[in-house]
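Small disclaimer: the values here were computed from a predicted structure and weren't measured. Letters A, B, ... are given to chains in the order of the sequence lines, protein chains preceding strands, and every chain is numbered from 1.
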Number of protein chains: 2
Amino acid sequence: MNIREIAKKADVSIATVSRVLNSSENVSSATREKVLEILRKYEFEMDPWAKRLASKRNKTHLFIMVSRRILKFLDLESNEFYSTVINGTRNTADMNRSVTEIVEMESNLDEEKLKGVDGVLLVGGDTTAEHVRFFKKIGMPLVLVDQYIPTVKVDCIVSNGYDGASYAVKYLISRGLKKIVHIHGFLNHFGFKDRYDGYKATMEQNNLLPKTYEYNDEVMEDMKPLIDKMFNVYGVPEAIFASNDLIAMKAIETLRSFHIRVPEDISVIGFDGIEKGKYFTPPLSTLKVPMREMGSLALKRLLDIVYDQDVYPVRISLFTEFIKRGSSV
Amino acid sequence: MNIREIAKKADVSIATVSRVLNSSENVSSATREKVLEILRKYEFEMDPWAKRLASKRNKTHLFIMVSRRILKFLDLESNEFYSTVINGTRNTADMNRSVTEIVEMESNLDEEKLKGVDGVLLVGGDTTAEHVRFFKKIGMPLVLVDQYIPTVKVDCIVSNGYDGASYAVKYLISRGLKKIVHIHGFLNHFGFKDRYDGYKATMEQNNLLPKTYEYNDEVMEDMKPLIDKMFNVYGVPEAIFASNDLIAMKAIETLRSFHIRVPEDISVIGFDGIEKGKYFTPPLSTLKVPMREMGSLALKRLLDIVYDQDVYPVRISLFTEFIKRGSSV
DNA sequence: TTGTAGGCGTTATCAG
DNA sequence: CTGATAACGCCTACAA
């Protein structure tokens with residue numbers, strides 16, 4: 001059943017059917033009703049591929065929204081993770097006749113600014129339920145990138161931090177290490193929370209005591225007090241698993257000031273797999289998140305939502321890959 | 001950059017470019033090389049939507065593979081969950097010029113039987129890493145339905161049991177109940193394991209003691225001994241959260257034989273949201289899994305893998321929805 | 001072995 | 001307000 005058949009049955013042209021389908025204005029209500037009835041009767045569902053192929057004539061207009069904090073880092077090109085993710089989306093956008101615009105995620109969102117925007121990507125762990133509710137209310141197609149909010153049913157793309165962390169812990173245990181601590185960022189960022197949960201659960205499954213330390217990675221604060229406290233209360237660990245590569249590298253630097261050798265005294269494993277880690281001394285062991293794929297997938301999913309009908313919201317998790325380098329045994 | 005432009009640059013027809021792209025035999029190696037070079041030079045990427053639209057002329061041939069156990073239940077139409085999921089996939093297949101065939105998942109898989117098959121859906125919690133490895137080895141596009149295996153990177157569609165379970169527990173707690181036990185099926189089925197983890201974590205977060213009982217739902221064994229043991233050792237709980245609706249209903253029936261009233265004495269919440277639960281006495285509170293969407297999404301994802309290039313494997317989780325009915329306060 | 005041409009189902013332009 | 005028709009990018013008989 002395609003619109004040609006529908007047109008025949010409704011005794012109108014396919015152009016008219018298309019207009020009804022796209023709720024264009026220029027259709028008399030009589031004609032519209034007639035077509036709608038046939039549509040319902042035959043339970044017509046449009047072919048999304050044909051729709052998009054045909055739609056290629058005009059560009060899809062998408063917003064990539066990021067918090068001021070991340071945006072600042074993006075400009076400085078010092079946030080390799082989000083830079084790479086966003087490169088992935090822009091690249092995919094180019095191949096899909098979509099034009100993207102990077103926009104700051106303000107606290108007071110304005111419906112006016114979204115005129116002509118077909119869909120929105122909300123990038124980063126800063127995204128809150130309130131942000132999501134705003135876009136849902138105005139019916140704007142929406143995908144969260146690197147953030148998941150259990151209480152709001154909205155599409156999102158995240159990395160599988162739970163299993164990645166679990167893998168890291170199991171790996172360290174298999175190398176004979178038992179005193180493994182976790183240094184993590186703020187847990188309202190789902191990525192960090194997920195890795196935290198994976199670390200904790202896996203430690204417990206192996207009858208080891210989880211020990212976690214929160215570190216403010218947003219300002220990259222001095223880590224000496226944290227390490228100091230760790231050494232004094234918990235003792236010197238055999239391994240540190242960090243929320244991400246930047247925290248891991250900060251930890252290694254700090255340990256160095258304590259005259260601790262990595263990996264001889266302490267193994268360190270990060271998360272994300274940014275390039276910088278490869279050239280760090282020692283090269284950083286890490287769990288690699290496919291950043292470009294994350295961005296690319298987010299964009300594709302957003303287009304699915306923009307063009308298809310009745311897309312059920314899902315959470316998409318990307319597998320991570322352990323990369324053994326010099327910072328761990 | 002489309003194949004027409006490539007054809008022009010390579011000084012061949014678009015048909016020839018298409019043949020090269022689809023590694024058809026009927027191209028001289030000289031021509032093929034020439035085309036491949038241009039393809040590489042311009043980093044050509046095919047438009048998947050156009051490809052699929054055009055491909056609609058011939059049908060995609062897909063296998064839906066299920067274990068003998070599930071297949072048996074399917075025939076008896078007593079396994080509403082998988083029946084509905086598979087209906088969802090077949091429905092979506094119809095709308096996508098795909099022909100599906102339900103095939104029993106044998107232990108000794110045969111490559112011969114897969115001749116002419118474009119992709120495979122592996123349905124059910126019985127799927128093992130070995131199964132997956134077999135298909136990956138022969139390069140067969142593959143999607144797991146209702147099963148996730150952390151150790152193998154393969155596409156899969158599951159329900160978000162963790163958050164569903166978590167929601168159920170929090171709900172019961174909010175109703176003033178504290179003695180909440182969990183009756184679950186075998187934990188090698190990811191769906192059950194996920195719900196189990198969600199139950200356990202949420203209980204602990206609320207400083208409540210998790211208490212779990214394993215029940216063999218595959219043979220629907222007598223539940224009296226289990227309940228008996230529960231009452232004797234743990235005492236009478238205030239609520240039971242079950243791995244799925246069938247287990248929940250079995251529990252309610254068994255409780256009845258103990259002269260326990262539901263929900264007055266014990267609240268019971270299931271999982272899945274099968275129709276049967278709606279007409280049960282008392283009507284079953286449950287977490288509804290969008291079963292048709294699960295099947296539909298699995299098929300769409302499989303087609304993505306069959307037709308697109310370089311698809312990075314992902315896990316897709318479907319949100320669940322709490323449905324309050326008579327079996328719980 | 002290669003090219004020509006007619007779809008695939010929808011959108012959008014341009015007449016009427 | 002409605003209809004004809006040329007795209008969109010690719011595939012594949014069928015012809016050469």
Side-chain angles (χ1 to χ4, degrees), chain A residues 1-36 38-39 42-61 94-98 118 303-304 306-309, chain B residues 1-36 38-39 42-61 94-98 118 303-304 306-309:
Chain A
M1 185 62 52
N2 54 32
I3 65 170
R4 188 162 18 253
E5 295 186 58
I6 296 286
K8 201 174 294 167
K9 299 208 191 284
D11 198 31
V12 295
S13 71
I14 60 172
T16 299
V17 177
S18 179
R19 286 190 193 100
V20 171
L21 250 9
N22 295 286
S23 54
S24 157
E25 307 306 321
N26 298 333
V27 185
S28 75
S29 58
T31 311
R32 155 165 290 133
E33 261 324 309
K34 187 170 60 177
V35 173
L36 279 176
I38 304 286
L39 248 23
Y42 291 93
E43 294 178 333
F44 173 78
E45 298 212 40
M46 192 157 31
D47 182 325
W49 301 323
K51 183 188 182 80
R52 286 198 238 184
L53 182 56
S55 303
K56 278 210 159 186
R57 309 155 146 251
N58 17 320
K59 304 211 170 216
T60 314
H61 196 229
D94 289 344
M95 297 169 22
N96 288 283
R97 288 261 206 293
S98 305
D118 300 307
L303 289 177
D304 283 348
V306 172
Y307 285 108
D308 298 1
Q309 39 204 12
Chain B
M1 186 62 53
N2 55 31
I3 66 170
R4 189 163 17 253
E5 295 186 58
I6 296 286
K8 202 174 295 169
K9 299 207 191 285
D11 198 31
V12 295
S13 72
I14 60 170
T16 300
V17 177
S18 177
R19 288 192 191 100
V20 171
L21 250 10
N22 295 287
S23 55
S24 157
E25 307 307 320
N26 299 333
V27 185
S28 75
S29 58
T31 312
R32 157 162 297 149
E33 262 322 309
K34 188 170 59 176
V35 173
L36 280 177
I38 304 287
L39 248 22
Y42 291 93
E43 295 179 330
F44 173 78
E45 297 213 40
M46 192 158 32
D47 182 325
W49 302 323
K51 183 189 180 80
R52 286 197 238 185
L53 182 56
S55 303
K56 278 210 158 185
R57 323 165 129 236
N58 14 323
K59 305 215 169 211
T60 314
H61 196 227
D94 288 344
M95 297 170 21
N96 287 285
R97 288 263 206 291
S98 306
D118 300 307
L303 289 178
D304 282 349
V306 172
Y307 285 108
D308 298 0
Q309 39 205 13

- Message: Using a 4.0 Å heavy-atom cut-off, does A:Phe44 contact any base of the nucleic acid, only the sugar-phosphate backbone, or nothing at all?
- Response: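 Touches sugar-phosphate only.
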
Round to the nearest Å and state the distance from [X] atom [atom1] to [N] atom [atom2].
| X | N | atom1 | atom2 | value |
| --- | --- | --- | --- | --- |
| A:Arg52 | D:dC10 | CZ | C1' | 16 Å |
| B:Asn26 | D:dC14 | CG | C1' | 13 Å |
| B:Asn22 | D:dC10 | CG | C1' | 9 Å |
| A:Glu45 | C:dT10 | CD | P | 11 Å |
| B:Arg32 | C:dT1 | CZ | P | 10 Å |
| B:Asp47 | C:dC8 | CG | P | 18 Å |
| A:Leu53 | D:dC11 | CG | P | 12 Å |

Nucleotide N/O to protein N/O under 3.5 Å, stretch nucleotides 3-5 of chain D:
| unit_1 | atom_1 | unit_2 | atom_2 | d |
| --- | --- | --- | --- | --- |
| D:dG3 | OP2 | A:Ser13 | N | 2.9 |
| D:dG3 | OP2 | A:Ser13 | OG | 3.2 |
| D:dG3 | OP2 | A:Thr16 | OG1 | 2.7 |
| D:dG3 | N7 | A:Arg19 | NH2 | 3.3 |
| D:dG3 | O6 | A:Arg19 | NH2 | 2.5 |

- Item | Closest-nucleotide ordering on DNA chain C, the 5'-leading residue of B:Ser28 and B:Ala50 | B:Ser28

So which heavy atom on [X] is nearest to which on [Y], and how close?
| X | Y | answer |
| --- | --- | --- |
| A:Phe44 | A:Ile3 | CZ-CG2, 3.5 Å |
| A:Asn26 | A:Arg19 | O-CD, 4.0 Å |
| B:Ala7 | B:Ser13 | CB-C, 3.7 Å |
| A:Val306 | A:Asp118 | CG2-O, 3.4 Å |

- Please examine the side chains of A:Val17 and A:Glu5, heavy atoms only from C-beta on, and report whether any two atoms are closer than 4.5 Å. no

- Message: So B:Ile38 and B:Lys8, do their side chains get closer than 4.5 Å, heavy atoms only?
- Response: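 No, too far: nothing below the 4.5 Å cut-off.
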
- Message: Looking at D:dC11, I'd like to know if its phosphate oxygens (OP1 or OP2) sit under 4.0 Å from a side-chain N or O belonging to B:Lys51.
- Response: yes

- Counting only side-chain N and O atoms of B:Ser18, is one of them less than 4.0 Å from OP1 or OP2 of D:dT12?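 No.
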
- State whether the number of non-hydrogen atoms from other residues, nucleotides or ligands found under 6.0 Å of B:Asp11 atom CG is greater than 12.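 No.
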
- Message: For a salt bridge (charged side-chain N to carboxylate O under 4.0 Å, His left out) check, start with the C-alpha distance between A:Asp47 and B:Arg52, then their side-chain angles and the critical distance, and finish with the verdict.
- Response: CA-CA 10 Å; A:Asp47 182 325; B:Arg52 286 197 238 185; over 6 Å; no

- Message: Expected output is a numbered-order residue list: members of residues 2-10 of chain B with a heavy atom under 4.0 Å from any atom of DNA chain D. What is it?
- Response: B:Asn2, B:Ile3

- Let me see the working for A:Val35 and A:Lys9 under side-chain contact (heavy atoms from CB on, under 4.5 Å), right down to the final yes or no. CA-CA 9 Å; A:Val35 173; A:Lys9 299 208 191 284; over 6 Å; no

